[in-house]
Amino acid sequence: MKLLTVAVLVLIAQVFDIAASHTNPFDVIRGCKQHDNVGSYDASLTYFPTSSLLNVGYAVNSKYFKIGILGPNDGIIRYGRTMFPYDKEVVEIVAEFKTPNLLSQFRPTMFLVEVFYNGTVQVRIGGQNHPFLSFSDDRRIPANYIAFTKWDKEFVKLNRRSYITTDMKLLAVITIVLFVQVLDVPATHTNSFDVIRGCRQYENVGSYDASLKYFPTSSLLNVGRTDESTYFKIAILGPNDGIIRLGKFLFPYDTDVLEIILGGWGNTKSAGKRQHRKASNHCTDTQLVEVQTPNLMSQLHPTMFVLEMFHNGTVQVRIDGQDHPFLSFIDDKRIPANYMVFTKWNKDVIFFYDCPLTNVDTLSNSLLVNCTTVKQPLVLPVLKIASKFTHQNRHEAVVSRSDCSVCSIIGSYGIAHEFIRCLLHVGHTDYSKYFKIAVLGTNDGIIRYGQSMFPHGKVVMEIVIRGCKLHDNARNYDTVLKYFPTLSLLHVGRTSNSKYFKIGILGPNNGIIRYGESMFPYDKEVMEIAIKGCLQFDDVPGYNDTPVYFATNTFRNVGRTSNSRYFRIGIVGANDGHIRFGRSAFPFDEEVVELVISGWSNTQSVARRQLRRRNQSFNNQLLKEASTPRLLHRSRPLVFRLEVFDNGRVQLTKDGERRPFFEYSDSQNAIPPDYMGFFKWDVNLIYFYDCPLNDGSTGTAGEDRAFVAIMAGLSCSGCLALFASVVLLLQASAQRCGQVQVLKQGLIFGGTSSTAGMWPWHVALFHRESVTRTSYKCGGTIINRDTILTAVHGCLQYDIVPEYNNVSLEYFATDTFKHVGRTHNSKYIRVGMVGPTDGIIRFGKHRFPYGEIVTEIYLSGQLEQHSEINRQSRTSISEYTNTLIKSQLTPDVLSNTRPMMFRLEVFDNGNVMLTKDGEKRAFMEFNDDNSRLDLDYIAFAKWNHDAFYYYDCPLHTDSNRIDDTVLLRCKLA
């Protein structure tokens with residue numbers, strides 16, 4: 001008997017440890033569909049058919065629905081006869097009076113809407129018998145289609161937002177048969193609020209500086225423990241600033257507490273602090289960590305966090321279901337989480353705490369029988385089982401109907417097919433037609449369609465997306481992106497030293513993939529894959545491994561001139577890109593050309609002629625060596641053109657530039673690039689070859705043709721590979737624009753404010769002042785889908801200026817500038833600078849002018865406000881020799897608040913003149929007839945003060961006549 005008692009106690013303890021849960025007001029919407037993209041009152045709404053709902057109640061003389069609403073006010077329901085009930089009558093339900101506090105933004109309210117066939121409509125709160133709203137519709141409009149909207153007359157000011165969960169389970173049940181067992185289950189849906197099932201809701205969240213009431217964490221039912229830590233699950237619903245404080249005492253005043261801010265600063269950043277707060281609520285903060293977490297929180301979906309407190313003082317916060325924390329810091333005082341409280345900043349926030357550590361749904365089928373836990377078989381809908389290893393997306397058939405036609409004779413992929421001409425069921429809209437197709441099989445259901453019954457020799461569309469998740473909300477390149485964990489993916493391939501993914505891209509061009517180590521990888525490096533239309537070579541052999549040479553005559557993208565061939569190649573890696581080319585596929589015992597790009601720790605490049613034998617011994621003969629610091633990057637591709645001339649001359653030119661960064665001549669041998677191989681030295685590399693040339697010289701590279709490209713990437717450590725098939729489609733023609741959608745009377749006379757839609761061809765150009773703030777600076781006009789016309793007062797801004805001896809000093813090719821002036825004997829550009837002192841400009845003949853001479857202009861040095869002109873010879877990054885050409889007093893020529901704009905003109909005879917905007921005489925000029933350097937490449941540096949430079953500026957703009965702010969901040973020309 002004692003043994004039995006012990007067994008029962010142990011069992012109960014285990015059950016409570018796993019399944020301890022609470023009820024909260026959001027339990028009423030469990031099983032509902034969520035509709036959170038609620039349109040505004042006068043917007044075009046999407047009505048959906050009530051016949052598509054799983055849960056519709058029917059009585060003898062009525063049908064009814066259960067609808068939940070979360071929001072402060074004005075939840076509006078409309079229903080009517082048709083899907084597009086415009087120019088027709090609908091019924092609108094909105095509580096206008098005598099229903100105070102009916103809605104709440106802290107808990108959903110469940111309503112039952114009943115529509116009687118005699119025209120009576122009644123609305124009552126779920127669980128109540130008497131309606132609070134009842135009226136009669138003499139038109140007897142049926143509830144065939146339903147839509148939801150909100151009142152947003154003062155939406156921005158009040159920040160009100162309601163969202164509606166629909167299709168609530170009713171009293172009727174549906175029987176699902178599976179595994180020869182019958183289970184009566186109400187038809188239910190999942191929604192984003194399922195994550196808070198079993199959590200307690202924290203009522204009355206106090207403001208930031210209010211006197212808060214802490215609660216003991218020892219009173220929580222759900223606290224996770226490991227040998228090294230204690231952790232909690234906490235969910236937050238709100239637009240920003242969910243704040244958690246942890247302390248040692250119930251009233252932790254005049255002591256230190258930990259404060260964790262999630263989605264603060266307008267939902268852009270999160271932080272960890274140690275805070276000392278007095279009884280007067282005056283506090284001092286010690287910042288422990290601050291990270292970028294854009295769009296972390298939402299007022300439409302609760303976000304579940306795991307807060308883990310380690311015994312050594314480490315604190316980590318991660319999103320539930322993810323392995324890696326997005327916020328981590330060390331509290332060297334090791335404040336324990338004995339007591340906890342929640343607070344907010346300037347917006348209402350709802351907290352859910354004491355959440356079950358495991359999913360409550362997985363425990364709902366456990367029964368306690370004779371003091372033994374018996375697991376009841378979990379019965380799921382057939383469609384859920386069928387899609388166990390696939391996702392549902394809009395390209396897939398997920399429902400089969402008994403009234404479909406059957407195509408039972410399906411041809412193999414490579415043989416001729418008979419196309420179907422006549423279908424009984426075809427849907428039509430004003431712009432499209434659509435079909436419903438069901439596919440039964442294990443994999444590879446392929447659909448093709450075209451313009452004729454026998455479209456052989458013609459272009460057809462092939463749909464081959466099988467079991468993929470659809471991501472169709474791709475953001476713009478420079479917007480804040482939401483990364484998702486690869487751990488959540490169903491299909492991840494793994495080898496002994498890598499993992500890989502299959503990704504399909506549908507679009508005309510520019511499919512870009514980024515991946516990194518954390519969910520919010522800002523201020524950190526990520527891998528960006530943006531090589532479009534190239535073939536990838538990522539199984540790169542080592543320097544002395546057996547080579548793989550590719551025949552260049554099999555490439556689709558080869559450029560040809562009368563005396564040369566050229567290719568476009570990309571490299572991703574930290575250093576030592578090796579390319580060899582020669583006359584044969586197995587060039588042993590014969591000479592090849594070897595190009596080493598950014599070898600010797602990414603500092604210099606060489607060209608050499610190599611004779612390699614079958615035992616991998618070799619002899620090298622140096623042809624050219626040049627300094628090329630930081631040319632390669634481990635997470636950004638270097639893409640360049642390799643051009644080999646018939647006379648043995650070879651040039652390597654970066655994309656977007658005209659002058660080669662590396663060139664040499666080997667006229668005695670003139671080895672042709674018939675075969676090409678790629679190699680590595682001591683780090684992993686990715687090569688991209690057979691890339692489109694971007695100049696229309698080959699038919700396959702032009703943008704007016706469709707072709708299949710391979711786009712992939714490999715991390716620098718060799719631990720991650722991505723493979724993706726990319727389908728590039730026909731580009732659309734230039735879109736028409738400038739059609740007025742809204743027009744007011746008045747235009748100018750008397751003056752009226754414009755509204756959105758009046759001037760659809762106007763473009764507003766903003767400058768991003770911070771993560772959350774922008775300011776309007778310029779305007780423009782849309783010419784077509786690719787062209788915007790704007791004012792010509794904008795310069796390019798260079799604000800990440802390297803130090804004087806920094807290795808990242810970058811020379812810009814002036815022949816890529818849009819604004820370059822020329823006379824019969826000179827070349828000039830317009831440059832600007834903002835800074836208190838020490839403006840440093842260098843120019844010369846080459847991109848990497850190490851071992852060569854450049855001219856250095858040093859404006860307003862600190863010593864007596866002198867400016868200097870030096871002839872500089874730099875053998876390495878930090879070793880250089882300056883020869884003074886001229887020194888001149890130039891007091892107050894620079895300013896920390898106002899740009900100094902001037903024209904830099906270099907003459908063929910060595911004269912150089914610097915002339916300020918609005919003046920005719922140069923404020924500084926000199927002659928360097930010994931060097932006579934060309935203004936081919938230019939670089940900017942700083943000494944010990946922050947500085948900003950502006951280059952590629954319009955030549956005929958006087959900064960004295962335009963707004964300084966525009967000149968400073970407008971980056972677009």
Side-chain angles (χ1 to χ4, degrees), residues 477 505 507-512 528-538 549-573 577-582 593 595 597 605 607 631-633 636-664 670-678 685-713 724-732 786 813 815-816 818 847:
Y477 187 84
I505 303 177
N509 53 13
N510 295 343
I512 300 172
E528 180 176 281
I529 303 165
I531 307 289
K532 284 84 68 177
C534 302
L535 295 178
Q536 177 184 334
F537 184 59
D538 51 13
Y549 280 80
F550 301 98
T552 58
N553 61 5
T554 64
F555 291 2
R556 294 170 302 166
N557 301 284
V558 180
R560 290 178 172 82
T561 69
S562 61
N563 62 344
S564 69
R565 276 183 287 174
Y566 56 92
F567 316 87
R568 191 160 163 263
I569 298 171
I571 306 176
V572 176
H578 287 71
I579 302 175
R580 299 177 194 154
F581 61 84
V593 170
L595 302 174
I597 300 172
S605 299
L631 187 61
L632 289 181
H633 196 281
R636 185 175 60 245
L638 166 70
V639 184
F640 59 93
R641 187 169 83 165
L642 168 62
E643 186 166 10
V644 181
F645 293 83
D646 298 340
N647 62 2
R649 184 183 174 194
V650 176
Q651 294 182 344
L652 281 68
T653 308
K654 284 183 65 175
D655 270 12
E657 297 184 1
R658 297 180 181 178
R659 292 179 178 271
F661 66 88
F662 186 81
E663 62 180 325
Y664 70 92
I671 298 174
D674 297 334
Y675 291 84
M676 189 176 296
F678 307 101
L685 298 173
I686 314 167
Y687 288 91
F688 300 93
Y689 65 102
D690 198 1
C691 298
L693 303 175
N694 293 336
D695 61 359
S697 60
T698 62
T700 57
E703 292 183 348
D704 58 341
R705 301 210 178 176
F707 61 93
V708 176
I710 303 299
M711 182 170 66
S725 297
V726 186
V727 180
L728 301 184
L729 301 180
L730 296 176
Q731 269 200 332
D786 300 316
D815 58 12
T816 65
K818 291 182 291 183
R847 179 181 178 83

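- Contact of the F537 side chain with the I569 side chain is not registered, since no non-hydrogen atoms from C-beta on lie closer than 4.5 Å.
- Without hydrogens or angle criteria, R568 side chain to L693 main chain gives no donor-acceptor distance under 3.5 Å.
- In this structure, CD1 on I571 lies 11.0 Å from CD1 on I686, to the nearest 0.5 angstrom.
- Note that the CG atom of N557 and the SG atom of C691 stand 7.5 Å from one another [nearest 0.5 Å].
- When every heavy atom of K654 is checked against every heavy atom of L631, the shortest pair comes out as CD-CD1, 4.3 Å.
- Within the model, atoms CG of L652 and CG of L638 stand 8.5 Å from one another, a figure rounded to the nearest 0.5 Å.
- Shortest non-hydrogen contact noted between G577 and L685 is CA-CD1, 3.8 Å.
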>> Could you walk me through whether Y566 and T561 satisfy the side chain to side chain contact (heavy atoms under 4.5 Å, CB included) test, starting with their C-alpha distance in whole Å, then the side-chain angles of each, then the deciding distance to 0.1 Å, before giving a yes or no?
In response: CA-CA 9 Å; Y566 56 92; T561 69; 4.0 Å; yes
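- Here the two rings, on Y689 and F567, have centers that are 6.0 Å apart or farther.
- No donor-acceptor pair closer than 3.5 Å links the side chain of S564 to the backbone N or O of V644.
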> Do F640 and F662 pass the ring-ring contact (aromatic ring centres under 6.0 Å, His included) test, and can you show the C-alpha distance, the side-chain angles, and the key distance before you say yes or no?
Replying inline: CA-CA 11 Å; F640 59 93; F662 186 81; over 10 Å; no
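- Here R658 pairs with nothing under the salt bridge (charged side-chain N to carboxylate O under 4.0 Å, His left out) rule; sequence neighbours left out.
- With F661 as the aromatic partner, R847 does not meet the cation-pi criteria of under 6.0 angstrom to the ring centre and within 45 degrees of the ring axis.
- Closest non-hydrogen pair, P692 versus C534, comes out as CD-N, 4.1 Å.
- Proximity of a side-chain donor or acceptor of D690 to a complementary backbone N or O of R556 within less than 3.5 Å is detected.
- None of F581, Y549, Y687 except one satisfies the ring pair (Phe, Tyr, Trp, His ring centres under 6.0 Å) rule with F678; the exception is Y687.
- H578 meets the side chain to side chain donor-acceptor pair (under 3.5 Å) test with no other residue; sequence neighbours excluded.
- We find the CD-CD distance between E663 and E643 to be 10.5 Å, quoted to the nearest 0.5 Å.
- Looking only at side-chain heavy atoms (C-beta outward), T816 and R659 stay at 4.5 Å or farther from each other.
- Of all heavy-atom pairs spanning L642 and M676, the tightest one is CD2-CE, 4.0 Å.
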